[in-house]
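First comes the structure, then the notes that go with it.
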Amino acid sequence: MNKKKFSTSQLVLLSLLTAVLLLMSYTPLGYLNIGPLAISFNVIPVAVAAIALGPTGGAIVGGIFGLTSFMQCIGIGGLSAMGAVLFEINPILAFIQRFVPRVLDGFIIGWIYKITSKFSTTYTASAITGFFSAFLNTVFFMTALVVLFGNTEYMQNLIGGRNVIVFICTFVGINAVCEMFASTLITGVVGAALGKAKLVPQGKQKAKPAPEAKEIPASVVEVEAEVVSEEAPADPENN
């Protein structure tokens, strides 16, 4: 079975996006920590990778995002307050909760771009992909958190007897909204720029309107008709 391989330019882009993600992960550029949660802008390189390199590229960069997120559970690249507690409870489950949702996110949004680019422009498809990169990251992250750690004392104290859906909405709140807004806007602009540079699969192009036919004045038509009649050869039978 033939396996699709990345071209040299795609490998270079993958390396560049990985470097950007690592830079964002280990500097204040990638996270804005607010209480136990953090507004993460690392979903943006994942979205760009999914656009330029497809589901596989999105999954790879998403996996790198997941690894850096897990490293923060032990204080590498900054300390995640929640991650540190989850790591103490169960390090294996903490790794799954941090890693798997990001891989799934990158893989799925790669397909989202493939589908949406068939009936929309590169900018629109990129913006949609950016939105879902942040949205699915939040959904998968919180779902894994509740499923894997929902019965722990730590999570029970956070939930406080509320409905799980209500807890998730109030817990992520403005953080998720900021991530979605930033990811949608920035990914749309970057995707469109890469599209113009022919570095990403192109979306549907806008059809150019056909040029309008110019109306020829009647006087010009009459003059041309007279010229043609004068230049026409005489009928030999009338000579």
Side-chain angles (χ1 to χ4, degrees), residues 1-26 29-30 40-72 77 92 94-144 179-180 182-205:
M1 182 177 68
N2 294 329
K3 293 183 178 180
K4 183 179 179 181
K5 297 181 179 180
F6 291 141
S7 64
T8 302
S9 61
Q10 288 177 322
L11 288 174
V12 171
L13 184 58
L14 177 61
S15 300
L16 179 61
L17 289 171
T18 300
V20 170
L21 179 58
L22 291 175
L23 176 65
M24 295 176 67
S25 298
Y26 296 124
L29 295 174
S40 173
F41 302 110
N42 290 342
V43 293
I44 297 173
V46 177
V48 175
I51 291 169
L53 306 172
T56 302
I60 292 173
V61 178
I64 296 171
F65 175 25
L67 288 174
T68 61
S69 178
F70 175 71
M71 291 297 183
Q72 290 186 336
I92 296 177
F95 174 79
I96 294 173
Q97 190 265 337
R98 296 274 164 158
F99 180 76
V100 174
R102 276 58 189 263
V103 175
L104 288 176
D105 182 28
F107 182 78
I108 291 175
I109 62 176
W111 282 107
I112 288 176
Y113 180 79
K114 278 182 175 289
I115 294 172
T116 55
S117 62
K118 292 180 179 180
F119 56 83
S120 61
T121 63
T122 303
Y123 172 81
T124 302
S126 298
I128 293 172
T129 303
F131 169 81
F132 276 103
S133 180
F135 176 75
L136 293 179
N137 175 66
T138 300
V139 170
F140 292 155
F141 181 89
M142 293 303 297
T143 299
E179 286 183 9
M180 293 174 200
S183 183
T184 301
L185 180 63
I186 298 175
T187 304
V189 173
V190 173
L194 292 176
K196 290 182 179 180
K198 309 298 183 183
L199 293 176
V200 301
Q202 295 292 294
K204 184 178 179 181
Q205 301 298 317

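Below, each value reflects all heavy atoms present in this structure, side chains not excepted, and no hydrogens, waters or symmetry copies.
- When every heavy atom of S117 is checked against every heavy atom of K114, the shortest pair comes out as OG-O, 3.1 Å.
- Residues satisfying the side-chain hydrogen bond (donor to acceptor under 3.5 Å, both in side chains) criterion with T56, sequence neighbours excluded, are absent altogether.
- Residue I112 holds its CD1 atom at 7.0 Å from CD1 of I108, rounded to the nearest 0.5 Å.
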Query - Steps toward side chain to side chain contact (heavy atoms under 4.5 Å, CB included) verdict (T116, T124) - result: CA-CA 8 Å; T116 55; T124 302; over 6 Å; no
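- Using bins of under 30°, 30° to 60° and over 60° for the plane-to-plane angle, the ring pair F131/F135 lands in the parallel bin.
- Between I186 and F41, the closest side-chain pair of non-hydrogen atoms is not below 4.5 Å.
- With hydrogens and angles disregarded, no donor-acceptor distance shorter than 3.5 Å links the side chain of T187 to the backbone of T184.
- Counting only heavy atoms from C-beta outward, the side chains of I44 and V190 never approach each other to under 4.5 Å.
- Between L104 and L136 the shortest side-chain heavy-atom distance does not fall below 4.5 Å.
- Taking CE from M71 and CZ from F95, the interatomic distance works out to 8.5 Å, rounded to the nearest 0.5 Å.
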Requested in this report: Run the numbers on R98 and F141 for side chain to side chain contact (heavy atoms under 4.5 Å, CB included), then give the verdict.
Outcome: CA-CA 7 Å; R98 296 274 164 158; F141 181 89; 4.0 Å; yes
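- Every pair passing side chain to side chain donor-acceptor pair (under 3.5 Å) that includes a residue from residues 128-141 is listed here, sequence neighbours excluded: R102-N137.
- Between the side chain of S183 and the main chain of G130, a donor-acceptor pair closer than 3.5 Å is present.
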Query raised in the report: Which is it for I109 and V46 under the side chain to side chain contact (heavy atoms under 4.5 Å, CB included) test, yes or no, and what are the steps along the way?
Result: CA-CA 9 Å; I109 62 176; V46 177; 4.1 Å; yes
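- Side-chain contact between F6 and I60 is present, with at least one heavy-atom pair separated by less than 4.5 Å.
- Partner of F65 under the side chain to side chain contact (heavy atoms under 4.5 Å, CB included) criterion, chosen from L21, D105, V103: L21.
- With L194 as the partner, the side chain to side chain contact (heavy atoms under 4.5 Å, CB included) test is satisfied by one option alone out of V200, T122, V189: V200.
- Atom CD1 of I115 and atom CD1 of I128 lie 11.0 Å apart (nearest 0.5 Å).
- Put simply, the side chain of Q72 does not reach to within 4.5 Å of the side chain of S25, judged on heavy atoms.
- The aromatic rings of W111 and F107 stand perpendicular to each other, their planes meeting at an angle above 60°, with 30° marking the opposite boundary.
- Annotation for A49 and G57: closest pair CB-O, 3.8 Å, computed over non-hydrogen atoms.
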